[in-house]
Engineer: 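Dropping a structure here in structure tokens format, bear with me for questions.
Sequential numbering from 1 along the given sequence is applied to the chain's residues.
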Amino acid sequence: MANGIITMACRIKKPPALIGSMRSAGMVSINQTIRREIGTITTDSHYTVSATIGVRAKNAKNPSTFPGYTIRLVSGDTTLAQLTSNTPPGPANSVNTVGFSWDATSLPDGIQPGDPLTIEIIPGKANGLTPGYLDLNALRISVLGQDGR
């Protein structure tokens, strides 16, 4: 990923445990799906995903209509939780944080503790056909056990 760093860390005893992140010196513009395995599902845990999304100004060097996005946690072909929006998270020329959470105390059929956990970031389609842009920074995925650790 251009100018980006993806880091993965094991679950630690200090709340919340950071199990994945992406940081860069500035926004990373993506126009294709990113899919990364971030660990395994821990039962009785609460997962939080947040990302900073930029909305371009109309007079930007590379202006574009905001096409929307989907950010989701998946295991295999099963979507566990997701955030989808076709509208900008803020006004033009702004940076905004969006997020969602997933409670793993009750797992869907076919999903078990220890199954792989994957993050997907999917930019929307600019005209319904071609991938649009998604300006993204500071992706964070945290896990907190029901016992607070």
Engineer: Going by the salt bridge (Lys or Arg N to Asp or Glu O under 4.0 Å) test, which pairs reach into residues 86-98, not counting sequence neighbours?
Structural biologist: none
Engineer: Can you sort out the partners of Ser94 under side chain to side chain donor-acceptor pair (under 3.5 Å), two or more places apart, ordered by chain and number?
Structural biologist: Asn96
Engineer: Calculate, to the nearest 0.5 Å, the distance between atoms CG and CZ belonging to Leu139 and Arg36 respectively.
Structural biologist: 11.0 Å
Engineer: If you compare all heavy atoms of Pro91 against all heavy atoms of Val55, which two are closest, and at what distance to 0.1 Å?
Structural biologist: O-CB, 3.6 Å
Engineer: Looking at residues at least two apart in the chain, or sitting in another chain, which of them share a side-chain contact (heavy atoms from CB on, under 4.5 Å) with Ala81?
Structural biologist: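 In terms of side-chain contact (heavy atoms from CB on, under 4.5 Å), with neighbours along the sequence ignored, Ala81 is linked to Phe100, Trp102.
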Engineer: Given Leu107 and Leu80, is the side-chain contact (heavy atoms from CB on, under 4.5 Å) satisfied, shown in steps?
Structural biologist: CA-CA 8 Å; Leu107 298 174; Leu80 305 170; 6.0 Å; no
Engineer: Can you tell me which residue pairs pass the side-chain hydrogen bond (donor to acceptor under 3.5 Å, both in side chains) test with a partner in residues 106-115, sequence neighbours excluded?
Structural biologist: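 As it turns out, there is no side-chain hydrogen bond (donor to acceptor under 3.5 Å, both in side chains) pair with a partner in residues 106-115 once direct neighbours are skipped.
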Engineer: Can you name the side chain to side chain donor-acceptor pair (under 3.5 Å) partners of Thr87, sequence neighbours left out?
Structural biologist: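 In terms of side chain to side chain donor-acceptor pair (under 3.5 Å), with neighbours along the sequence ignored, Thr87 is linked to Ser85.
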Engineer: What is the distance from atom NE2 of His46 to atom OG1 of Thr105, rounded to the nearest 0.5 Å?
Structural biologist: 10.0 Å
Engineer: Do Val95 and Ile53 have side-chain heavy atoms sitting under 4.5 Å apart?
Structural biologist: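 Val95 vs Ile53: side chains apart.
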Engineer: Under a 3.5 Å distance rule, please check whether Tyr47 uses its side chain to pair with a backbone N or O of Thr42 as donor and acceptor.
Structural biologist: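 Judged by distance alone, yes, a pair lies under 3.5 Å.
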Engineer: Tell me every residue that passes side-chain contact (heavy atoms from CB on, under 4.5 Å) with Ser29, counting only those two or more places apart in sequence or in another chain.
Structural biologist: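 With neighbours one apart ignored, the set is Arg56, Tyr133, Asp135.
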Engineer: For the CD atom of Gln32 and the CD1 atom of Ile122, what is their distance to the nearest 0.5 Å?
Structural biologist: 12.0 Å
Engineer: Please list all pairs passing the salt bridge (Lys or Arg N to Asp or Glu O under 4.0 Å) test where one or both residues lie in residues 74-84, with sequence neighbours left out.
Structural biologist: none
Engineer: Does a side-chain heavy-atom distance below 4.5 Å link Lys125 with Pro67?
Structural biologist: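 No, side chains not in contact.
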Engineer: Apply side chain to side chain donor-acceptor pair (under 3.5 Å) to Thr97 and list each qualifying residue two or more places apart in sequence or on a separate chain.
Structural biologist: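 If we apply the side chain to side chain donor-acceptor pair (under 3.5 Å) test to Thr97, skipping adjacent residues, there are no hits.
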Engineer: Report the distance from atom CG of Leu134 to atom CG of Asn31, rounding to the nearest 0.5 Å.
Structural biologist: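 It is 10.0 Å, given to the nearest 0.5 Å.
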Engineer: Is there a side-chain contact between Thr33 and Ile121 in this structure, where contact means two heavy atoms from C-beta onward sitting under 4.5 Å apart?
Structural biologist: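 Result no, sub-4.5 Å side-chain heavy-atom pair not found.
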Engineer: How long is the straight-line distance from OG1 of Thr40 back to CG of Leu117, given to the nearest 0.5 Å?
Structural biologist: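 Interatomic distance, Leu117 CG to Thr40 OG1, rounded to 0.5 Å: 8.0 Å.
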Engineer: Between side-chain atoms of residues 68-76 and protein atoms elsewhere (two or more places apart, or another chain), which donor-acceptor pairs fall under 3.5 Å?
Structural biologist:
residue : atom : partner : partner atom : Å
Thr70   : OG1  : Thr84   : OG1          : 3.1
Arg72   : NE   : Glu120  : OE1          : 2.5
Arg72   : NH2  : Glu120  : OE1          : 2.9
Ser75   : OG   : Pro116  : O            : 2.7

Engineer: Tell me, do Leu83 and Val98 make a side-chain contact under 4.5 Å, heavy atoms counted?
Structural biologist: yes
